[in-house]
Asker: 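To start, I am sharing the structure in question, which I have written as structure tokens.
Below, read A as the first sequence line, B as the second, and so on, with proteins coming before strands; counting in each chain starts at 1.
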Amino acid sequence: MSNSVQVESPLHHAQLDQLIGQSNSGGIVLHEAALLGHLNLRGNSDDAEFLAGVQEALGIALPITPCSSANSELAQIMWLAPDEWLIVVASGSEYEVEQKLRSYLKGHFAVSDISGAQTILELSGSNVVELMKKSTGYDLHLDSFPVGKVIGTTFAKAGAHILRVSEDKFQLVVRRSFSDYIWLWIQQGSQEYGLTIV
Amino acid sequence: MSQVNRIAASSKRINRNRTLTFTFNGKEYQGFEGDTVASALLANGVDVVGRSFKYSRPRGIITSDSQEPNAIFQIGSTQATTIPNPRATQTDLYHGLAASSTNGWPNVDFDLMSTVGKLGGSMMPPGFYYKTFMFPQSLWMSYEHLIRKGAGLGSSPQQADPDSYDKMHHHCDVMIVGAGPAGLAAALSAAQTGARVIISDEQNEFGGSLLCSKQQIDGELPSQWVEKTVAQLATMDNVLLLPRSTVFGYYDHNLVGINERRTDHLGENQLQSTRQRVHKVRAKQVILATGAHERPLVYGNNDVPGCMLANAVSTYINRYDVVPGNQLVLMTTNDNAYKTAIDWHQAGRKVVTIVDTRESSNGELVKKAKKLGINVIFGHAVIEVSGSKRVKGVDIAPINAVNHSVTGAAKHFPCDTVASSGGWSPVIHLSSHTGSRPVWNEDIAGFVPGETVQQQHICGGLEGVYDLSKVISAGFTTGAVAAQAAGKGEGSYAGTLPQTSDPQEDASMALFHVPHSKKTSRAPKQFVDYQNDVTAAGIELANREGFESIEHVKRYTALGFGTDQGKLGNINGMAITAKSLGKTIPETGTTIFRPMYTPTTFGALAGADVKHLFDPARFSAMHKWHLDNGAEFEDVGQWKRPWYFPKPGEAMQDALERECLATRNSVGILDASTLGKIDIQGKDAREFLNRVYTNPWSKLAVGKCRYGVMCKEDGMVFDDGVTACLEENRFIMTTTTGGAAGVLQWLELWHQTEWPELEVYFSTVTDHWSTMTISGPNSRKVLEKICDVDVSNDNFKYMDWIEAKVAGVKARIFRISFTGELSFEINVQANYGMHTWQAVMAAGEEFDITPYGTETMHILRAEKGFIIVGQDTDGSVTPQDLDMDWVVGKKKEFSFIGKRSWTRYDNKRDDRKQMVGLKPKDPNFVLPEGAQIVFEKNQSIPMTMVGHVTSSYYSACMGYSFALAVVKGGISRKGQSVFLPLSDGTTVEAEICSPVFYDPKGDRQNV
Amino acid sequence: MLHIHCPYCEEMREEEEFSPAGQAHIQRPLNPEELSDEQWARYLFFRKNPRGLHHELWLHAHGCRKYFNMTRNSVTYQIMETYKMGAKPSITASEEGQS
Amino acid sequence: MQQYSGFGLLKHSLSYHENWQRVWSNPTPKKHYDVVIIGGGGHGLATAYYLAKEHGITNIAVIEKGYLGGGNTARNTTIVRSNYLWDEASHLYEHSLKLWEGLAQELNYNLMFSQRGVLNLGHTLQDMRDIERRVNANRLNGIDGEVLTTAQVQEMVPILDCSKGARYPVMGASWQARAGTARHDAVAWGYARAADALGVDLLQQTEVTGIRRKDGAVEGVETTRGFISAGKVACVAAGNSSVIAKMVGMELPLESHPLQAMVSEPLKPILDTVVMSNHVHGYVSQSDKGDLVIGAGIDGYVGYGQRGSFNVVEHTIAAIIEMFPIFSRVRLNRAWGGIVDTCPDACPIISKTHIKGLYFNCGWGTGGFKATPGAGHVFAHTIAHDDPHPLAKPFSIDRFTSGELIDEHGAAGVAH
């Protein structure tokens, strides 16, 4: 049995690491936040015990306002639906966090490890809002899409969850099998602005 | 002779320092930056720009805008970049532009077809197609072949488009369509409230009618007010300005579609950016400030080049410094058009006379014209034009508009240009797009927007308000009102209004069709819709024949079906219909305008969703390996799945036989990652499975797997797969590749809408797992090499699953088989998929492990009689039809989905089509999939078909061909012969047999 | 192009995020076996299909994956309200009064 | 009825076309008709024509709330074909196609029925299996059809992208040579003119507001021009069928959806046949005027607004470019929508009802235009005999109860 286990993010084949530093002038900056731990959490947000359990397990309150997110050292939590959240944790810690949740939560809930199912693409740069306008029909104005908000929407012809990290930085949570399509889309849409990989 | 009609520089809209050379019909001309192709052609004295569609009459430029019916060109210098049918009036001139007419053979000046048009013209009234070419029936296709030869305007490019296109989504408080005086005023006042404003205009610069007006605003030329206002808007962060951007559609819930032309004015092959961009604007409030189009008058031979709209003539003079002729006759029903005569006169050319159809007018413009010494004849009209390739003169006669008659002798006046104005028609098109019906406004003799459910405001010419001071004031007010409706500002404009004084105008006359001394049917042709050669006589004929609804008139005569979509002619056509039927125009009714406002490039509408981005292609984590190893791919839903793995020089069938034999005899490996996988958790998970699957789930133990079938409520199979019990209250369900999304949606539908009380959650984990199936007698040996647990038959039984480490990676291994061989389905977290795959390949090397694709998988499963939903079923097949009653729970308490429908009459028939195997009599003949089955070989057509082949292959392992099929009552017909009449005329025989061909006892998978 | 308020995400979203799922408030019979074929067919296939106010089921497919109800005018396409599963519409057409 | 011919055209040209007769009259409604047909589209007019011509029933009114042929007849992409999968459907459509073939002569009206053939493209292995199955079924039913290879498709339509580089490469096609297109308005007008000549009253601008019944049988219809008594009432109201059904308290297994279509600007001839692709969701032909006539898929929601959503147009145009990359610079002139009444099994309803004397012909979904002659013919028979025509029998409304559905989704996944 081999000791070195090779791990490949969904965009591994794009060889982004080899593109880093090739261009620095792009109006669009792309970074794959690869190989993080992704957990899908389901539960009843009206259930105080459930909320308390999550708080205890993660040290952070579950965001229950629609389209909100929360952050702690341990985890980043995104609201996906009234009974569904995405918990993003450090690479390799997903199993531990899952077990922790299972031990703190009682009653009706579900946790699924989906770390292999998706990746996070961070888009930023001076033209990032324009690229986003090409890609999603959601209103990107800060009044409607403030920092910290997360939405499930369409991105080109794929679905995605989009979190606004700062005024000009977004995180896209995309499915593994669609990631190549989205990579092609971003390249096409960035053509007029230039694309920098970091 | 160059630019004979260009007068001394006065307009700032064209740049005399930049001369642009272009060609028209192969001849070289020059124009200036800022010209349209139309203004440049007129500057060069080009009269004939095309031939009419039906009669091949010479045609010239009539308008200066989107109404243009004649100057429809082919523009572009190569077969890849050529554009069919742009209007010269809306095409910005660029250096090297190559334009040609779209009709006329051998050329527009000498067109052979015109002889046919002249002779045959009287044979071609509206509807003539319907009345002839019927006999004999067999010849219609030949007639039609000839008719089609004359079809069309421009030609499609012959090569792929080098340009790209894209789209952008926007949201705003106030979207303003049209940047004329009303639109600009509205934009400024809305923007000053802090509202998010977008303003677009189809022209190359903002200003609309002000770009060619001389009416001073705040004591300056109106273009200066435009410049200042645009400059002010440009400094505001909350405003987006979109010139060269045509709103082509206004859709429900205030979605506005805009096409921005980004490089067309620069030339061809401007690949630095997308050629055109569609903006999709979701606006809280929309202000339509689209203005009005001038309406021509309908008179005899009104299509001879040199007949133009009055306002177009003024536009060419004031905006482009082009006077399109030498001697003008102006015919008008209103004061406003007197401007044209004044402009012409001031440009230093001769105004022969103004012909005013009214009895009198004392408006300021009338007085001004008279003061300049221009002759004015009241109570008269131009009833007929003489000339063919250019106006030579006009016949002017006294008319009575009320009883539509000529009341005296006509007098001939030589001239070369006839400008006409029948008043103005508000540009109501966009307001009609969402179903709002326009209403007739008698005061302005035009339609204005009717009631709408949209959050829509209108102002300016669109409302029928034409005085500039009122238009500007309405713009400022409407902008503020719209902003307030969007939640911004107080609803009124607080700033000072720019000052302008409108000339006093007398009332205009509602005249559309100018009478002739002859009856309309006998008068020279009076064109209503130029592009389709629709005449007043044609419309009256249609009415006489009983086509009385305006929609019938349109469809019978083709009125409004040109590329200007009736902008120029519709109102006149309606008025002629109304008059001929003795009705009013509102009684006659209007037609509803549809998108596109002006023709919109296909490429722009598709945006970036073309070529490889047409539809997402989905890949598994091992895709690159498949590519590197020469796989051919099959499209399954959006997935690209390996179909087979040919070795160099190997034909498909050879590859399949090699893959099958390797799997049956040693070990093969399949990438099964695309199967849908759903994580099901909760204490009611079992109950839920009981309800959606046909078979029972109550007793499935932890560590066990079970195959299940799902039906729709109509009892028909729609998906299948293996579901494993992970924990007491947790299952992992697999679905078909194509069905994954649908099944998850299906589960959610039932849970959310019918059984919310069941405590269960579903999450898709399809993409989380990479799945590789190793199959074949040596598969265990391969697995043992890289797996950290005992996978012997004693420890790991068929239909069990275990957790283990494979190649150092945590894995779930399912001992299930779709090939009938000893099989292990290894699932690892997808980031480790490639690693694990390569480790399995390395471990299997000594057994010559063979990758196989979907085709071999299909063959191997068919040998075992396993169905593929969607191939062996088609939405009309029950589990019973599949001889799979064993998968139907008999004791389940809940009436699971689909069950009730099985007791309907049709489901109880014993001659339903049932799944069976077929063995062709010729063991080497592979039946075509889709071949139809009959019992009676010699029946004549129509034959009684009793089923068809759903899957069919040659089995390398068994050494003969075989098939799966559905046959009426087939289950009880095993051993009988059926016949398959094939498309090549031969009929082959096959025997009905069990669908399980290989290892019927299932020993091989249990070892 | 509809602009739809998702009652779960609590905001307006573009139509592309949603899929329509037919008439709302069709309850699955609790006792399918006791129904006549006619009654069963009625449940399976027969629909109001009104010209005017229509209560329909929609799925926020690319958003929160929740089904919800919508009251919409099938002629003007105006959306009167959207409401969660299990809730009752606050706007209904009187049987006679439908346009 | 004034006979139309080339000679007649010449004769009338000498008198400046002043003496053409009306194609139909504008009658005042009678108090009673033997049959009232609700809906003056192609199907309603054809029904009236065949009732009068073949069943001797001439005391008929066709009641139309707008203008004749103003609904889906005026809004479709005019494709005529009969290569349906299931026997029941293919027999009905073939019956129709055969009628099309002599219709211009029969009606003395050139419907410009143009048998330029229809290609149904296959892009996946399953598409090709379905094509093979359908074509085989067609041939054994006596309906022309062929399975073409990619190379044959390419030869027939050189401008179609048949390369392997396409997102969904063309793997082959089915070909029906007898299929084609017709001039849609002319179909309604031709039937209207012929029906009028046989004594049928065409009542335009007349809306049915109610259906009067007594003892489980129809008595007549309430209209905006008063009550009209009728022995039989036949509803041929397409998208509005459910609205009519509601007048008698009936629900139908129908949903009315927007279906959109569009045309390009006219182009010189470039596409000789009809090309359809279920998989990429687009189909296109070129009219005799030169327009590319393009059909889209249906919108998923119920809609009576005669318009659909813009994204359907966007997707359809992208599909056309996927098939024909050279059309990228061609421009779209006009897009519009109709209301199609769709059945769960994508097949129509031609049926008696539980109310005596009340008949429905509806549920044609996207396939109504091509069926116009056949549907009118078998519906007329069904009405005249109060007994379904053998070809109409499988399309009874009872099939939804018995389960005898004719599931054409496989053959008609996309509009046509």
Asker: Can you say whether D/R193 sits under 4.5 Å from chain B via the side chain, the backbone, both, or neither, judging by heavy atoms?
Answerer: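 When you check distances to chain B, no heavy atom of D/R193 falls under 4.5 Å.
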Asker: Name the orientation class of the two ring planes belonging to D/Y109 and D/Y4 (parallel below 30°, tilted from 30 to 60°, perpendicular beyond 60°).
Answerer: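 Because their plane-to-plane angle lies in the 30° to 60° range, the rings of D/Y109 and D/Y4 count as tilted.
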Asker: With a 4.5 angstrom heavy-atom cut-off, could you sort out which part of B/Y165 is near chain D: side chain, backbone, both or neither?
Answerer: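 Contact with chain D is through the side chain of B/Y165 alone.
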Asker: Tell me the closest heavy-atom pair linking D/D161 and D/A166, and the distance in Å.
Answerer: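 Minimum heavy-atom contact is OD2-CB, 4.0 Å.
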Asker: Please state whether the side chain, the backbone, both or neither of D/I321 comes within less than 4.5 Å of a heavy atom of chain B.
Answerer: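 Contact with chain B: side chain only.
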Asker: Quick check on D/L9 against chain B: is it the side chain, the backbone, both or neither that has a heavy atom closer than 4.5 Å?
Answerer: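 It is both, since atoms from each part get that close.
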Asker: Please state whether the side chain, the backbone, both or neither of B/S876 comes within less than 4.5 Å of a heavy atom of chain D.
Answerer: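 It is the side chain, since no backbone atom gets that close.
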Asker: Name the option with the most non-hydrogen atom pairs under 4.5 Å to chain B; the candidates are D/P158, D/G337, D/S287.
Answerer: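 Highest number of heavy-atom pairs under 4.5 Å: D/S287.
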Asker: Tell me, for D/A74 versus chain B, whether the close heavy atoms (under 4.5 Å) come from the side chain, the backbone, both or neither.
Answerer: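 Interface part for D/A74: both.
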Asker: Could you look at D/L271 and say if it's the side chain, the backbone, both or neither that has a heavy atom under 4.5 Å from chain B?
Answerer: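 The backbone, not the side chain.
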Asker: Please state whether the side chain, the backbone, both or neither of B/L541 comes within less than 4.5 Å of a heavy atom of chain D.
Answerer: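 For B/L541, the side chain is the part near chain D, not the backbone.
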Asker: Side chain, backbone, both or neither: which part of B/E144 has a heavy atom under 4.5 Å from chain D?
Answerer: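 The side chain, not the backbone.
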Asker: Please state whether the side chain, the backbone, both or neither of D/V280 comes within less than 4.5 Å of a heavy atom of chain B.
Answerer: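 The answer is both parts of D/V280.
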Asker: Sort out for me which of D/N136, D/L140, D/V23 touches chain B most, counting heavy-atom pairs under 4.5 Å.
Answerer: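 So the answer, after comparing D/N136, D/L140, D/V23, is D/L140.
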Asker: Grab the two heavy atoms, one from B/V934 and one from B/T944, that are nearest each other, plus how far apart they are.
Answerer: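 That closest heavy-atom pairing would be CG1-O, 3.4 Å.
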Asker: Give a yes-or-no answer on whether the side chains of B/E632 and B/W643 include a donor-acceptor pair shorter than 3.5 Å.
Answerer: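 There is no such pair (donor and acceptor under 3.5 Å, judged by atom type) between the side chains of B/E632 and B/W643.
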Asker: Against chain D, work out which of B/A160, B/G435, B/A931, B/G875 has the most heavy-atom pairs shorter than 4.5 Å and name it.
Answerer: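 Ranked by contacts with chain D, first place is B/A931.
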Asker: I'd like to know which of B/M134, B/R904, B/R594, B/E929 tops the heavy-atom pair count under 4.5 Å against chain D.
Answerer: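 Option with the top pair count is B/M134.
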Asker: Side chain, backbone, both or neither: which part of D/I320 has a non-hydrogen atom closer than 4.5 Å to chain B?
Answerer: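 It is the side chain, since no backbone atom gets that close.
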Asker: Looking at D/E18 and B/R522, is any side-chain nitrogen of the basic one under 4.0 Å from a carboxylate oxygen of the acidic one?
Answerer: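 A salt bridge links B/R522 with D/E18.
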Asker: For B/D874, is it the side chain, the backbone, both, or neither that has a heavy atom closer than 4.5 Å to a heavy atom of chain D?
Answerer: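 The answer is the side chain of B/D874.
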Asker: When heavy-atom pairs shorter than 4.5 Å are enumerated against chain D, which of B/R275, B/E634, B/K519 gives the highest number?
Answerer: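 With the most close heavy-atom pairs to chain D, the winner is B/R275.
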Asker: Among D/E314, D/R139, D/E265, which residue has the highest count of heavy-atom pairs closer than 4.5 Å to chain B?
Answerer: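 Among D/E314, D/R139, D/E265, the one with the most close pairs to chain B is D/E265.
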Asker: Give the member of D/N333, D/I159, D/T401 that has the highest number of heavy-atom pairs under 4.5 Å with chain B.
Answerer: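 Of D/N333, D/I159, D/T401, D/N333 has the most heavy-atom pairs under 4.5 Å with chain B.
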Asker: If I compare all heavy atoms of D/R331 with all of B/N85, which pair ends up nearest, and what's the gap?
Answerer: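 In terms of heavy atoms, the two residues are closest at NH2-O, 2.8 Å.
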Asker: Quick check on D/Q286 against chain B: is it the side chain, the backbone, both or neither that has a heavy atom closer than 4.5 Å?
Answerer: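 Both parts, backbone and side chain.
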Asker: Check whether B/Y143 gets within reach of chain D through its side chain, its backbone, both or neither, counting any heavy atom under 4.5 Å.
Answerer: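 For B/Y143, no heavy atom lies under 4.5 Å from chain D.
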Asker: Of all of D/M171, D/K289, D/H123, which one pairs up most often with chain B through heavy atoms under 4.5 Å apart?
Answerer: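 Among D/M171, D/K289, D/H123, the one with the most close pairs to chain B is D/K289.
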Asker: Using non-hydrogen atoms and a 4.5 Å limit, figure out which bit of D/R307 sits close to chain B: side chain, backbone, both or neither.
Answerer: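 It is the side chain, since no backbone atom gets that close.
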Asker: Heavy-atom distance under 4.5 Å to chain D: side chain of B/D635, backbone, both or neither?
Answerer: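 Contact with chain D: backbone and side chain both.
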Asker: Need one label for B/P616: side chain, backbone, both or neither, based on atoms under 4.5 Å from any heavy atom in chain D.
Answerer: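 B/P616 touches chain D through backbone heavy atoms alone.
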Asker: For B/N532, which atoms come within 4.5 Å of any heavy atom of chain D: side chain, backbone, both, or neither?
Answerer: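 B/N532 touches chain D through side-chain heavy atoms alone.
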Asker: Highest number of heavy-atom pairs under 4.5 Å with chain D: which of B/D163, B/I147, B/D609, B/L255?
Answerer: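 The residue among B/D163, B/I147, B/D609, B/L255 with the greatest pair count is B/D163.
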Asker: Using non-hydrogen atoms and a 4.5 Å limit, figure out which bit of D/N108 sits close to chain B: side chain, backbone, both or neither.
Answerer: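 For D/N108, backbone and side chain are both near chain B.
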Asker: Just so I know, are the side chains of B/L980 and B/L927 near enough to count as touching, which here means a heavy-atom distance under 4.5 Å?
Answerer: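 Yes, at least one pair of side-chain atoms sits under 4.5 Å.
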Asker: In terms of heavy-atom proximity below 4.5 Å to chain B, should D/F7 be classed as side chain, backbone, both, or neither?
Answerer: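 Interface part for D/F7: neither.
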Asker: Under a 3.5 Å distance rule, please check whether B/K131 uses its side chain to pair with a backbone N or O of D/N110 as donor and acceptor.
Answerer: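 Such a contact is absent between B/K131 side chain and D/N110 backbone.
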Asker: At a heavy-atom separation under 4.5 Å, does B/H552 approach chain D through its side chain, its backbone, both, or neither?
Answerer: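 Both the backbone and the side chain of B/H552 come within 4.5 Å of chain D.
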Asker: Test side-chain contact (heavy atoms from CB on, under 4.5 Å) on D/L202 and D/E64 and set out the steps.
Answerer: CA-CA 8 Å; D/L202 307 175; D/E64 168 54 50; over 6 Å; no
Asker: Between the side chains of D/R399 and D/D345, is the shortest nitrogen-to-carboxylate-oxygen separation below 4.0 Å, so that they form an ion pair?
Answerer: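 Result for this pair is yes, salt bridge flagged.
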Asker: Please evaluate residues D/N26 and B/E548 with respect to the criterion side chain to side chain donor-acceptor pair (under 3.5 Å), reporting the C-alpha separation (whole Å), side-chain torsions for both, the decisive distance (0.1 Å), and the verdict.
Answerer: CA-CA 10 Å; D/N26 216 343; B/E548 297 176 346; 3.0 Å; yes
Asker: If you measure only the distance, is there a donor-acceptor pair under 3.5 Å linking the side chains of D/H12 and D/Q2?
Answerer: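 Per modelled atom types, D/H12 and D/Q2 side chains form a pair under 3.5 Å.
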Asker: What part of B/S983 is in contact with chain D, defined as an atom under 4.5 angstrom from a non-hydrogen atom: side chain, backbone, both or neither?
Answerer: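 For B/S983, heavy atoms of backbone and side chain both lie under 4.5 Å from chain D.
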Asker: Heavy-atom distance under 4.5 Å to chain D: side chain of B/T82, backbone, both or neither?
Answerer: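 It is the backbone, since no side chain atom gets that close.
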Asker: Hey, which of B/E540, B/Q159, B/H612, B/Q79 has the most heavy atom pairs under 4.5 Å with chain D?
Answerer: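 Greatest number of close heavy-atom pairs with chain D: B/Q159.
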Asker: Contact part of B/K280 toward chain D, heavy-atom cut-off under 4.5 Å: side chain, backbone, both or neither?
Answerer: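 Interface part for B/K280: side chain.
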Asker: Identify whether NZ of Lys or CZ of Arg in D/R133 sits under 6.0 Å from the centre of the six-membered ring of D/W86 and within 45° of that ring's axis.
Answerer: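 Judged by the rule (NZ or CZ under 6.0 Å from the ring centre, within 45° of its axis), D/R133 counts as positioned above D/W86.
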Asker: Heavy-atom cut-off 4.5 Å, strictly under: side chain, backbone, both or neither for D/S402 against chain B?
Answerer: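 Contact with chain B involves both backbone and side-chain atoms of D/S402.
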Asker: Just checking, is any N or O donor in the side chain of D/S25 or D/D196 under 3.5 Å from an acceptor N or O on the other one?
Answerer: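 There is such a pair (donor and acceptor under 3.5 Å, judged by atom type) between the side chains of D/S25 and D/D196.
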Asker: Under 4.5 Å, counting heavy-atom pairs only, tell me which of B/F547, B/Y129, B/F133, B/F128 racks up the most with chain D.
Answerer: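 When all of B/F547, B/Y129, B/F133, B/F128 are compared, B/F547 has the most.
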Asker: For chain B, which candidate among D/F324, D/W24, D/F113, D/W189 shows the most heavy-atom pairs at distances under 4.5 Å?
Answerer: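 If we count pairs closer than 4.5 Å to chain B, D/W189 comes out on top.
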Asker: Sort D/D185 into side chain, backbone, both or neither according to what part of it lies under 4.5 angstrom from a heavy atom of chain B.
Answerer: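 The side chain, not the backbone.
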Asker: Select one option (side chain, backbone, both, neither) describing which atoms of B/A537 are under 4.5 Å from chain D's heavy atoms.
Answerer: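 Neither part.
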Asker: Under 4.5 Å heavy-atom distance to chain B, tell me which part of D/E101 shows up: side chain, backbone, both or neither.
Answerer: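 When you check distances to chain B, atoms from both the backbone and side chain of D/E101 fall under 4.5 Å.
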Asker: Ignoring hydrogens and angles, state whether a donor on the side chain of D/Y301 or D/S309 is under 3.5 Å from an acceptor on the partner side chain.
Answerer: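 Indeed, the side chains of D/Y301 and D/S309 share at least one donor-acceptor pair under 3.5 Å.
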Asker: Angle between ring planes, D/Y168 versus D/H279, binned at 30° and 60°: parallel, tilted or perpendicular?
Answerer: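 Taking D/H279 first and then D/Y168, their aromatic rings stand perpendicular (interplane angle over 60°).
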